[in-house]
Novice: 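Please find one structure pasted underneath; my questions will follow.
Nothing fancy with the numbering, it's 1 onward along the sequence.
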Amino acid sequence: MNKDLIDLQRNSKAVCVIVKTDEYKSLSPIVSMEAGVSDSFLNQVPFANKLNDKCKKYEICYFVIKNIDKIDKPQQDRFVGLVKDREYNGYNLPSNCIIVFTVENEKSLKDISSEIYRFAVIDM
C-alpha cells in the first residue's frame, strides 16, 4: 500500500481511495464500519461523533468502509453522496478525513459500482 498516495487525497473533494481489505490496518487513526450495515443504522450517522473526535486530534484521519465489494451495487451507491459531496444525511465530513473503501483483491474491483469507481484512487 502506498500511504503517501492515500495521504495526498487529504482536503480533496469528491475522492475516495480503494485498498485491499488486509492492508487498511496500517492506516491510523481510523474509524471503520462494514459496508453492509443496514439503512436504518447508516441513517443514524453512527460514525459522526467518532470521526469528529479523531479528525480534531490528528492532521489526517481515515474513514474506512470495509468490504464494499461484498454488497450489491445499489447498496454501494448509498455511499456516493458521502464521496461526491462529503456529506451523508446532514453530516459533513471533516476536510482532513480521507474516505477509504476496502476490497478483497484486484479482481474485486469489477464488483465496484461505477458511481463510486469514478471518484476512486486505486492503491493496489
Side-chain angles (χ1 to χ4, degrees):
M1 178 170 60
N2 184 347
K3 190 168 178 314
D4 291 334
L5 174 66
I6 294 169
D7 289 350
L8 284 172
Q9 307 319 307
R10 186 177 120 223
N11 296 321
S12 296
K13 304 296 181 205
V15 70
C16 63
V17 178
I18 299 176
V19 301
K20 290 181 186 175
T21 300
D22 61 352
E23 293 182 344
Y24 83 89
K25 292 180 182 175
S26 64
L27 299 172
S28 180
I30 69 166
V31 171
S32 67
M33 72 177 192
E34 286 290 328
V37 297
S38 70
D39 286 341
S40 61
F41 177 82
L42 188 59
N43 288 336
Q44 295 172 24
V45 197
F47 50 86
N49 289 334
K50 291 178 183 177
L51 268 177
N52 285 339
D53 290 345
K54 294 271 183 177
C55 291
K56 285 179 186 174
K57 294 178 186 175
Y58 298 94
E59 184 178 347
I60 297 176
C61 66
Y62 306 90
F63 182 31
V64 179
I65 302 170
K66 299 182 286 187
N67 301 312
I68 193 76
D69 56 326
K70 303 293 184 202
I71 60 175
D72 61 31
K73 291 179 183 178
Q75 280 190 301
Q76 292 177 25
D77 287 341
R78 301 179 301 171
F79 298 106
V80 171
L82 186 66
V83 176
K84 182 179 153 212
D85 303 321
R86 298 189 55 83
E87 183 271 337
Y88 190 87
N89 204 24
Y91 171 71
N92 292 301
L93 286 174
S95 62
N96 62 332
C97 178
I98 298 172
I99 303 166
V100 179
F101 292 105
T102 72
V103 295
E104 185 176 354
N105 55 41
E106 292 90 349
K107 290 180 183 177
S108 299
L109 290 172
K110 68 177 177 26
D111 298 324
I112 300 296
S113 158
S114 62
E115 291 297 311
I116 289 179
Y117 194 85
R118 69 185 182 133
F119 296 110
V121 173
I122 311 299
D123 182 21
M124 294 200 188

Novice: Taking T102 for the side chain and N67 for the main chain, is one N or O donor matched with an acceptor at less than 3.5 Å?
Specialist: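 Looks like yes, one N/O pair under 3.5 Å.
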
Novice: Got a salt bridge between E59 and R10, using NZ or NE/NH1/NH2 to carboxylate O under 4.0 Å?
Specialist: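 Yes, this pair counts.
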
Novice: For the cysteine pair C61 and C55, state whether the SG atoms are less than 2.5 angstrom apart.
Specialist: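 Yes, because the SG atoms of C61 and C55 sit under 2.5 Å apart, which meets the disulfide cut-off.
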
Novice: Treating Ile, Leu, Val, Met, Phe, Trp and Tyr as nodes and any side-chain heavy-atom pair under 4.5 angstrom as an edge, say whether V64 and L42 lie in one connected cluster.
Specialist: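 No; tracing contacts between hydrophobic side chains, which count when under 4.5 Å, never links both residues.
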
Novice: Taking the side chain as everything from C-beta on, heavy atoms only, tell me whether R86 gets closer than 4.5 Å to I99.
Specialist: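 Yes, their side chains come closer than 4.5 Å.
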
Novice: Just by modelled atom types, is the N43 backbone N or O under 3.5 Å from a matching donor or acceptor in the N89 side chain?
Specialist: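 Checking the backbone N and O of N43 against the side chain of N89, a donor-acceptor pair under 3.5 Å is found.
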
Novice: Give the minimum heavy-atom separation between D69 and E104, together with the two atoms involved.
Specialist: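 Nearest heavy atoms, D69 then E104: OD2-N, 3.0 Å.
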
Novice: Is a side-chain donor or acceptor of Q75 paired with a backbone partner of G36 at a separation under 3.5 angstrom?
Specialist: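 Not at all, since once roles are kept as given, no pair shorter than 3.5 Å links the two residues.
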
Novice: I need the minimum non-hydrogen distance between Q9 and V15, along with the two atoms involved.
Specialist: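 Between these two residues, the closest heavy atoms are OE1-CG2, 3.6 Å.
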
Novice: At what distance, to the nearest 0.5 angstrom, does CD1 of I65 lie from CZ of F79?
Specialist: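 If I round to the nearest 0.5 Å, the distance is 4.5 Å.
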
Novice: Looking at CD1 of I98 and CG of L93, how far apart are the two atoms once the value is rounded to the nearest 0.5 Å?
Specialist: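 It comes to 11.5 Å.
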
Novice: Tell me whether the count of non-hydrogen atoms from other residues, nucleotides or ligands lying under 6.0 Å of NZ in K66 goes above 12.
Specialist: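 Yes, enclosed.
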
Novice: Do L51 and I30 land in one hydrophobic cluster if side-chain heavy atoms of ILVMFWY residues count as linked below 4.5 Å?
Specialist: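 No, L51 and I30 fall in different hydrophobic clusters.
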
Novice: Is there a side-chain contact between F101 and V83 in this structure, where contact means two heavy atoms from C-beta onward sitting under 4.5 Å apart?
Specialist: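 The answer is yes; the side chains approach within 4.5 Å.
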
Novice: Do L5 and L109 sit in one hydrophobic cluster, given that two such residues count as connected whenever their side-chain heavy atoms are within less than 4.5 Å of each other, even indirectly?
Specialist: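 No, no single cluster joins them.
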
Novice: Do L82 and D85 have side chains that get closer than 4.5 Å, going by heavy atoms?
Specialist: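 No, too far: nothing below the 4.5 Å cut-off.
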
Novice: Roughly how far, to the nearest 0.5 Å, is CG of D7 from CG of N96?
Specialist: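 CG of D7 is found 11.0 Å from CG of N96.
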
Novice: Could you give all pairs that pass the side-chain hydrogen bond (donor to acceptor under 3.5 Å, both in side chains) test and reach residues 45-55, with sequence neighbours left out?
Specialist: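 Sorted result for residues 45-55: N52-Y91.
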
Novice: What is the distance from atom CD1 of I71 to atom CD of E34, rounded to the nearest 0.5 Å?
Specialist: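 These two atoms lie 9.5 Å from each other.
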
Novice: Please round to the nearest 0.5 Å and tell me the distance separating atom NZ of K70 and atom OG1 of T21.
Specialist: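 It comes to 7.0 Å.
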
Novice: With sequence neighbours left out, what residues match N105 under side chain to side chain donor-acceptor pair (under 3.5 Å)?
Specialist: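 With neighbours one apart ignored, the set is S108.
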
Novice: Mind checking the CZ-OH spacing from F63 to Y88? Nearest 0.5 Å is all I need.
Specialist: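 Result: 10.0 Å between the selected atoms.
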
Novice: For the pair D77 (side chain) and S113 (backbone), establish whether a donor and an acceptor sit closer than 3.5 Å, ignoring hydrogens and angles.
Specialist: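 No, D77 side chain to S113 backbone: no donor-acceptor pair under 3.5 Å.
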
Novice: Does the side chain of L27 come within less than 4.5 Å of M1's, by heavy atoms?
Specialist: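 They are in side-chain contact.
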
Novice: Return yes when atom NZ of K13 has more than 12 non-hydrogen atoms of other residues, nucleotides or ligands closer than 6.0 Å, and no otherwise.
Specialist: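 More than 12 heavy atoms, drawn from other residues, nucleotides or ligands, come within 6.0 Å of this atom.
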
Novice: Is there a side-chain contact between V19 and V100 in this structure, where contact means two heavy atoms from C-beta onward sitting under 4.5 Å apart?
Specialist: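 They are in contact (side-chain heavy atoms under 4.5 Å apart), so the answer is yes.
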
Novice: Report yes if some heavy atom in the side chain of V17 is under 4.5 Å from a heavy atom in the side chain of Y62; otherwise report no.
Specialist: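 Result no, sub-4.5 Å side-chain heavy-atom pair not found.
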
Novice: Without placing hydrogens or testing angles, list every side-chain donor-acceptor pair under 3.5 Å for residues 114-124, not counting sequence neighbours.
Specialist:
residue: D123; atom: OD1; partner: N2; partner atom: N; Å: 3.2
residue: D123; atom: OD2; partner: N2; partner atom: N; Å: 2.8

